[in-house]
Amino acid sequence: MSVTPQLKDYFGQLSKVEDEIAAVQHQIEELLDRQQQLQSKKHDLEREIAKIQKGGSVVSKGDKFNGNDFPWSKKLDELSRSVFKIDEYRPHQLEAMNATLSGRDLILIMPTGSGKSLCFQLPALISKGITLVVSPLVSLMEDQLMSLDMCGVNGALLNADSTKEHKNYVHKCMIDPHSQDLKILYVTPEKIAKSKMFMSKLEKMYKAGKFARIVIDEVHCCSQWGHDFRRDYKVLGILKRQFPEVPLLGLTATATQHILDDVKNLLNVPYCMTMRASYDRPNLYYEVRRKPKKHEECVAEISKLLNGKFKGQIGIIYCFSRKDCETIAADLRKGGIEALPYHSDIDSSRRSQIHRAWAKETIQVVVATIAFGMGIDKPNVRFVIHHTMSKSVENYYQESGRAGRDGLPAYCILFLGFGDIFRQSTMVLTETQTALDNLYNMVRYCTNIERCRRSLIARHFGESWDFSQCSGMCDNCRLKRKSEDSSCALTQNRDITGHCQTLYTILNKAASQDKKLTANKLVDIWMKRGPSAELRIKDQKAPFVTDARCEDIVCHLLLEGYLREDYHFTPYTTISYVQPGTKEKLVTSMGKSIELTLRTKEQKVYDLPDLVSEVKVQKRSVDVKPSEASGCIVISDDEMDSGYPQSFLLSSVENETEIIKDEHIVSMGMGQSSKSSLVTDDLKKKKKKRKGLEVRKTDSSQTSKSIITKKDKTKVRRKRKSSDESDLNKSKKQKNGVSSPCGVPKEQTCSRLSVNTSQDDSGNSEDEFAEIRAVYTQQLEKINKIKK
Ligand SMILES: Nc1ncnc2c1ncn2[C@@H]1O[C@H](COP(=O)(O)OP(=O)(O)OP(=O)(O)O)[C@@H](O)[C@H]1O
């Protein structure tokens, strides 16, 4: 299609508007950050003032319900101790219970594992009559009934499997004004939606003055904008319409403002009270890792975690499919890890068996689909690993939130794989209108390399949260903290317009041959490899970036609308192809430029052979300097100038991602072959004086060289200790973590680089996690101080 002047004009205007929107968006982000900081400061100041003025009580919205002077307060305290064995309420529990006991309709939003159930279970014992609890899963209700039973509370469940006798008993309790037996009745939403008989019993219960409270668990399921929409939840509005006098309590861990408004309308409680606890789970450490391309490598990385820093600890690995669960669990078992799969194809008795084995800690890890979900109430889950990213931020928050319910540090590690984006998108495509947007928001969370992950989650749920409170409890903040020691900016924007144009050329060439390309195939053709040679662009050179970077670019272009997914349905599967997006003309005709934020320095930790202590990165090769076998060597500028040590030229070391191995070394300067002969006495003396791990930049007369010197003996020793015997024997070839500026062109190398431990659990993981624990403890102290 030719571009007419009018069209050109419109495109020009569109481009300007888009630029302005981007600029405004940037300002909004900055202002929101500032707002978060100010609000947090404001709350701290208010607390301090309140402490002084009121002898410690905190002014907050829920204050009205915060007291202990309600008619039921004494009984509430008694029962919490005697029945539930609880000495102290958690934040918002008391306010929520007082509000619902005062007859207020309330939606309570508290993080996973924060104790929402108590907020209706305890009031149920105080109120006259029966509390009706609508819950989405029978297993969830059964778990709760089991715990209630252990506390001596009489609860019941009605579902399709209930026997006639059980139904009769429950119906009798519902309508008999004298029966005080039953306190809590659990039903599925289907029961409300489909059983007229049950509704008539509820009417009678209402008339008999025995309808104490309506509780809707996982209340976000009402909204089709939510991540867990249940059709039958939509009819629950009937409850408040039929029983307006009965207080309603909605519970959820996740609801954006938009979902909340929707839920309130659907439930016929548009003006009900909302209590929202912070989404932040300060004890959870969030991290996103790039998923290794090969399945075996990914399993190896996970095994390393499970046998390393998570050894002896209990956790969950979430996978995309049932097949993935089976394969990964089997592979982990081969490596000696007690892992079992859990998914909906496994029959329910076996599932319960696996759940019990995990709960009793006879297995270390459950490798599960999201079927292993709601209602998991194990307090000491120390890690949740996502082998495949979740389909929305809400899902991720819920799934990862199963870690650390005891409040102690726990780790949430997500492996982001390029292909997983498309596996998920073809899956969620037909779910709800917003499913794809939700997925793309999740991808945005994963690909964000700048912002604090907990503030990204908080922002997603519309919460103002001061990200400075994270202080290193997510990978991005940790890197930021480390980079503050160096003089380099952590990120920089790169122009990727040329790459985008190349991709358009490839896609258009494919279209002209009536072919469609998946994202992976597009990257292959762009990288000039794979079978579809006829689609390669003749004059185009393979981009001088890694696979990973190519994928980042495609991903960014998708998220920003320069590319789009185009789905194709076959009788067996759905395929996602990539097409130019709606913004194609902006780039091809209007000269619009596109930028992508990248890390200035790839703070990757490399496994270097022991021969290497120093790396100088050039385009596709890396010059290394030999070290002594211990890996502890100091090379000063003088030594460099004096011609020591020899230089090795490494071949085929791909920027950023490759592990540098001995076989990469194709030449050694000046024929040096014995590493022991490389170490002079003088050097040995010097190395003892130095400590720390740093990268220095030295300027020779011709070029500026990036040099990494590895000086931390203790670190190296610790690393060596941790690797097994055979590794030690092979130590001439492997495992000596040194940070490298690989991938950064010479002129962009930094004077100091720090180690990205988020990518490394081989060497100093214990140090790293000790550090995280220390940060966490500090935070906890801060929080406790504020609370007091
Ligand atoms: N005040 C408290 N003190 C100590 N433990 C508590 C307190 N309140 C609740 N708990 C315990 O915390 C655990 C989690 O509570 P609960 O299952 O109610 O969480 P939840 O908020 O409903 O989580 P989810 O959203 O994941 O279902 C339970 O074992 C519960 O007994």
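Sequence positions, counted from 1, serve as the residue numbers for this chain. For ligands, and for the atoms within them, numbers begin at 1 and follow the listed sequence. Quick caveat, the model's predicted, so the values are computed rather than measured.
A side-chain donor from one of Tyr318 and Arg402 sits under 3.5 Å from a side-chain acceptor of the other. In summary, the side chains of Ser392 and Asn395 do present a donor paired with an acceptor at a separation below 3.5 Å, with no hydrogens or angles considered.
Each of the atoms 16 (P), 17 (O), 18 (O), 22 (O) of ligand 1 lies under 4.0 Å from some heavy atom of Ser117. Close contacts of ligand 1 with Glu88, meaning ligand atoms under 4.0 Å from a residue heavy atom, involve 1 (N), 2 (C), 3 (N). Heavy-atom contacts of Tyr89 reach the following atoms of ligand 1: 1 (N) (cutoff under 4.0 Å). Heavy-atom contacts of Pro111 reach the following atoms of ligand 1: 21 (O) (cutoff under 4.0 Å).
Residue Met110 places no heavy atom under 4.0 Å from ligand 1. Residue contacts with ligand 1: Pro379 is excluded, as none of its non-hydrogen atoms falls under 4.0 Å.
Only the side chain of Gln93 comes within 4.0 Å of ligand 1, judged by heavy-atom distances. Contact annotation for Ser147 and ligand 1: no heavy atom of the residue comes within less than 4.0 Å of the ligand. Both the backbone and the side chain of Thr112 come within 4.0 Å of ligand 1, judged by heavy-atom distances.
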For this session: Would you please test Tyr286 and Tyr411 for ring pair (Phe, Tyr, Trp, His ring centres under 6.0 Å) and show each step?
Result: CA-CA 6 Å; Tyr286 293 99; Tyr411 303 93; over 10 Å; no
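Residue Arg405 has at least one nitrogen or oxygen atom sitting less than 3.5 Å from a nitrogen or oxygen atom of ligand 1, judged on distance alone. When only interatomic distances are considered, the shortest N/O to N/O separation between Gly115 and ligand 1 falls below 3.5 Å.
Using cut-offs of 30° and 60° on the angle between ring planes, the pair His355 and Tyr342 is perpendicular.
Cation-pi geometry between Arg382 and Phe310 is not met at under 6.0 angstrom from the ring centre and within 45 degrees of the axis.
Checked for salt-bridge contact, Asp475 and Arg478 miss the test: no charged N lies under 4.0 Å from a carboxylate O.
Not a single donor-acceptor pair under 3.5 Å links the side chain of Thr100 to the backbone N or O of Ala96.
Here the closest non-hydrogen pair linking Ser400 and Leu284 is O-CD1, 4.0 Å.
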